[in-house]
Amino acid sequence: LTEPSGGSDPARAIQTRGIKDGSEWILSGSKLYISGADKADYALIFARTSDDPGRNGVTAFIVDTDTPGFHVRRVVHTLRATHYATELQFDEMRVPEENILGEVNGGFAIANDRLSRQRIPYAAGCIGPAIRAQEMSIDWAKSRETFGSPLAEKQAIQWMVVDNEIDIRHARYCVLEAAQKADSREPFRTEAAMAKLVATEASSRVIDRCIQIHGGVGVTKDLPLERWYRELRIRRVGEGPSEVQRLIMARDILGGSFK
Ligand SMILES: Cc1cc2nc3c(=O)[nH]c(=O)nc-3n(C[C@H](O)[C@H](O)[C@H](O)COP(=O)(O)OP(=O)(O)OC[C@H]3O[C@@H](n4cnc5c(N)ncnc54)[C@H](O)[C@@H]3O)c2cc1C
């Protein structure tokens, strides 16, 4: 989905072009930050197939990555040690008409549906490290002593542990509410955006406090805290930045006319 022209507003940003040629479509353009594309057998590529500059001009194509013209330009390294992203280029790739997913110019609805659904497990995946980091911090605070008493007896540390618990439970309730609505086929776009926003930001705060409670060892690679800190920083951008989640919720809360 994402291109060098931007990922927050893909409906307007997509410049990869699809032109019909007999029973085939010719795709040309580029994509950026596409996770694991160098190992994928197939790609789902969203391309502009009409002059409509927005969501009504985008089509989803299922593309075999062996197709001539499909190039992985480079691996894009990030804060993460693994799960890297890639930059892709498409040079006049010929894709059969039957590889269109859904309708011609109806691809953006597919992207939107997938993005909304994906936000729920993406949010849930942030809570696990936060829970584990909190457990580690409680154990550490009870056993580590400074100024003649355990850290757990100091109010500054107690409040960090409590704030962690509030953040973890808040994130968990938001994720469960979104998942429950999605499971029961109720509208869940606002809840999924809220879960993504709350879980990524709350879990980031938790890991940050846990590093503080651990002191020096918290920033070393002897513990997983620094890795979780880096991973969660990415998650406030990936799958739609926090600002875009707020924008989605604002549209739903204020009504469609406030775009
Ligand atoms: C590790 C990683 C893996 C990724 N994997 C994939 C993938 O597999 N497939 C894929 O399609 N994409 C993927 N992405 C792309 C990701 O979804 C985009 O980075 C994200 O949507 C933001 O797009 P952008 O980077 O172009 O930022 P831009 O759209 O340029 O936005 C920049 C910043 O502007 C702010 N902003 C944007 N809009 C608004 C607004 N309306 N109001 C206020 N502030 C705003 C936000 O803070 C945002 O971070 C991945 C990204 C990363 C980092």
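Index from 1, following the sequence. Everything numeric here is computed off the predicted structure, so don't read it as measured data.
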> Would Ser242 and Glu201 count as a side-chain contact (heavy atoms from CB on, under 4.5 Å) if you check the C-alpha gap in whole Å, the side-chain angles of each, and the deciding distance to 0.1 Å?
Replying inline: CA-CA 8 Å; Ser242 297; Glu201 297 203 345; 2.7 Å; yes
>> For Val72 and Leu88: C-alpha separation, side-chain torsions, deciding distance, then whether side-chain contact (heavy atoms from CB on, under 4.5 Å) applies.
In response: CA-CA 5 Å; Val72 178; Leu88 307 178; 3.8 Å; yes
>> Evaluate Lys196 against Thr200 for side-chain contact (heavy atoms from CB on, under 4.5 Å), listing each step before the verdict.
In response: CA-CA 6 Å; Lys196 199 275 179 185; Thr200 54; 4.2 Å; yes
> Checking side-chain contact (heavy atoms from CB on, under 4.5 Å) for the pair His214/Arg144: CA distance, chi angles, key distance, verdict?
Replying inline: CA-CA 9 Å; His214 276 81; Arg144 182 77 169 181; over 6 Å; no
>> Using the rule given for salt bridge (charged side-chain N to carboxylate O under 4.0 Å, His left out), can you reason through Glu231 versus Arg235, listing the C-alpha separation, both sets of side-chain angles and the distance that settles it, and then say yes or no?
In response: CA-CA 7 Å; Glu231 172 64 30; Arg235 288 183 174 234; 2.7 Å; yes
> Can Arg246 and Glu243 be said to form a salt bridge (charged side-chain N to carboxylate O under 4.0 Å, His left out), step by step?
Replying inline: CA-CA 5 Å; Arg246 286 190 168 88; Glu243 293 75 16; 5.3 Å; no
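Looking only at side-chain heavy atoms (C-beta outward), Ser30 and Glu87 stay at 4.5 Å or farther from each other. By the 4.5 Å heavy-atom criterion applied to side chains, Phe188 and Arg117 are counted as neighbours.
Nearest heavy atom pair, residue Ala133 against residue Leu225, reads CB-CD2, 3.6 Å. The shortest heavy-atom contact between Ala192 and Ile120 is CB-CG1, 3.9 Å. Ile211 and Gly218 make their closest contact through CG1-O, 3.8 Å (heavy atoms, listed as atom of the first residue, atom of the second, distance).
By the 30° and 60° cut-offs, the orientation of the rings of Phe70 relative to Phe90 is tilted.
Interatomic distance, OH of Tyr42 versus CG of Leu44, reported as 13.0 Å (0.5 Å rounding). Of the inter-residue distances, the one linking Trp140 atom CH2 with Ile213 atom CD1 reads 11.5 Å to the nearest 0.5 angstrom. Interatomic distance, CD1 of Ile157 versus CD1 of Ile138, reported as 12.0 Å (0.5 Å rounding). Between the CG atom of Asn164 and the CD1 atom of Ile131 there is a distance of 11.5 Å, given to the nearest 0.5 Å. One distance of note links CE of Met93 with OG1 of Thr65; it measures 10.0 Å at 0.5 Å rounding. The CG atom of Leu115 sits 12.0 Å away from the CZ atom of Arg189 when rounded to the nearest 0.5 Å.
Arg94 places no side-chain N or O within 3.5 Å of a backbone atom of Leu27 that could act as its donor or acceptor partner. Under a 3.5 Å cut-off, the side chain of Arg48 and the backbone N or O of Ile14 do form a donor-acceptor pair. Of the possible polar contacts, one joining the Gln245 side chain to the Gly240 backbone as a donor-acceptor pair under 3.5 Å is found. Between the side chain of Gln158 and the main chain of Ala152, a donor-acceptor pair closer than 3.5 Å is present.
Glu239 has a carboxylate O that lies under 4.0 Å from a charged side-chain N of Arg114, or vice versa, which qualifies the two as a salt bridge.
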